[in-house]
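Some notes on the structure that comes next.
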Amino acid sequence: MDDQIQRMKVLGAGVFSLILAMGVARFAYTPLLPIMQAQAGLGLAEGGWLAAINYAGYLTGALIAASISDLVLKDRLYRAGLVLVVLTTAMMGLSDSVVVWAVSRYLAGLATSAAMLLGTGLILNWLIRHGHRSELGIHFAGIGIGIAACSMAVALMSSVLDWREQWFVFTAIACVLLVPALAWLPAPDTSALTRSGAPMHDNPPSPLFLRLFMISYFCAGVGYVISATFIVAIVNGLPGLEGKGNWTFFAIGLAAAPTCIVWDLVARRTGELNALILAALLQIVGILLPVTLGGTVGTVAGALLFGGTFVGMVSLVLTMAGRYYPTRPAKMMGKMTISYGVAQIIGPAVTGWLGAHFGSYAGGLYFAAAMMVLGCVLLLMLKAVERRDAAARAAAAPCMQG
């Protein structure tokens, strides 16, 4: 019983860290953006640049995570990153300078990667060491909760608080979330053995598998970032749906919160790659519904399908990375996230060009869906590579024993 309580506390630390980092540090900006444009003089171009700078900070953090192996250092950076979330959130309300906002968004992106990659790696390492299932569905529920909670908070606060006061409320919320996120995660165990005495060793995939995996995750990153960045603007521009964009974003977060656990259960029955392919196919449908079916039904259904798949895909991919490298999970997680992060820079740029050319961001959703189709093809190729690699290991085993 004590062990299960400890497990729930560790997973709880992860949930609170992701609400803090992905909710407050990253996604609070999305619903606050139009308010800052209306009240703080933030221009359209500057708003886009601040989002891009946040992605750049996140990508920097992924590079750092991929370069370090020391668990103690990862733990220190994880804790420093969460404190940085509080400071960067306060910075947004303390100034009306675009330069200060840019510095805040870059550091917030850096802090987000600390929770998303270093924290996730530390939690997965703890689960494996203590003989628990190496599944992260409960942990990644924090992303969906963070998105939904921030959308709802802004909707409730906007009628009584200005943009600056809302950033200060988010700072206070961050201070509360910080306590369990830090206190409930134990210091890392650096021994080479699990608690049962079994040795921990890495089982890396083949170079071909890793390359295809990274490219497929790049495609998933394009599919994610275009919808996540432009869905509010796209929905607000659809006939009869003016002003419904923020509620669509709320629906995405609401769907994302529980479905990570569902995808863990699907993966248990089908395997991670089959679960990833299914999630990608459903996400393609979710991306296209708002612009093909349209109306309230198409938009809500698309939001629920998108929210119910994109976090699940992230959870499955990072869980797989942790299983390949249980002694240093954040290393491969960082490499995968670099691929995902580059997509988050390229995707909005292409969508902006398509929007300027065709007069609507809707073309970006078709581009996102096309990239997701390519990603599905690559995942099917990964299944063949996985079978080949398994056969090669089986053939090599007798030789190793001899």
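Nothing here was measured: the structure is a model prediction, and the numbers come from that model. Worth knowing before you read on, the calculation uses all heavy atoms, side chains too, and leaves out hydrogens, waters and symmetry mates. Counting from 1, the numbers follow the sequence of the chain as shown.
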If you compare all heavy atoms of [X] against all heavy atoms of [Y], which two are closest, and at what distance to 0.1 Å?
X	Y	value
L94	R164	C-NH1, 3.8 Å
L161	E165	CA-OE1, 3.3 Å
N54	A25	ND2-O, 4.1 Å
L178	V83	CD1-N, 4.0 Å
A66	I338	CB-CD1, 4.2 Å
V222	A368	O-CB, 4.2 Å

### Query
Is there a side chain to side chain contact (heavy atoms under 4.5 Å, CB included) between L379 and L382 once you walk through the steps?
CA-CA 5 Å; L379 288 172; L382 272 181; 3.9 Å; yes

### Message
Just by distance, no angles: are the side chains of T88 and Y106 close enough, under 3.5 Å, to form a donor-acceptor pair?
### Response
no

### Message
Test of understanding: with side chain to side chain donor-acceptor pair (under 3.5 Å), list the residues that count as partners of K9, not counting sequence neighbours.
### Response
none

Roughly how far, to the nearest 0.5 Å, is the [atom2] atom of [Y] from the [atom1] atom of [X]?
X	Y	atom1	atom2	value
C219	M372	SG	CE	8.0 Å
Q283	L276	CD	CG	10.5 Å
L273	L380	CG	CG	9.5 Å
M313	I277	CE	CD1	9.5 Å
I173	I19	CD1	CD1	10.5 Å
M371	I287	CE	CD1	11.0 Å

Flag the pair [X] / [Y] as yes when at least one side-chain heavy-atom distance between them is below 4.5 Å, and no otherwise.
X	Y	value
F170	C150	yes
P204	Y325	yes
I215	S339	no
M92	M36	yes
V300	L289	no
H139	L18	yes
W126	Q6	yes
M381	L378	yes

### Query
How about W163 and W101: are their ring centroids closer than 6.0 Å?
yes

### Query
Ring centroid separation for W263 and F140, is it under 6.0 angstrom?
no

### Task
Assess whether side chain to side chain contact (heavy atoms under 4.5 Å, CB included) is satisfied between L136 and C260, documenting all intermediate values.
CA-CA 8 Å; L136 295 169; C260 293; over 6 Å; no

### Message
Using the rule given for side chain to side chain contact (heavy atoms under 4.5 Å, CB included), can you reason through M116 versus T337, listing the C-alpha separation, both sets of side-chain angles and the distance that settles it, and then say yes or no?
### Response
CA-CA 10 Å; M116 186 71 177; T337 304; 6.0 Å; no

Would you confirm whether [X], through its side chain, and [Y], through its main-chain N or O, come within 3.5 Å as a donor-acceptor pair?
X	Y	answer
R105	I53	no
T89	T171	no
N125	G121	no
N203	Y324	no
T319	S315	yes

### Query
What residue pairs, at least two apart or across chains, pass side-chain hydrogen bond (donor to acceptor under 3.5 Å, both in side chains) with a residue in residues 16-39?
R26-Q344

### Message
With ring pair (Phe, Tyr, Trp, His ring centres under 6.0 Å) as the test, pick out the partner of Y224 among Y217, Y340, Y55, F218.
### Response
Y340

### Message
Pair H132, V10 - check side chain to side chain contact (heavy atoms under 4.5 Å, CB included), show working.
### Response
CA-CA 12 Å; H132 298 291; V10 169; over 6 Å; no

### Query
Do other residues, nucleotides or ligands put more than 12 heavy atoms under 6.0 Å from M157 CE?
yes

#### Entry: Inter- and intrachain pairs under salt bridge (charged side-chain N to carboxylate O under 4.0 Å, His left out), touching residues 60-77, at least two apart
D75-R79

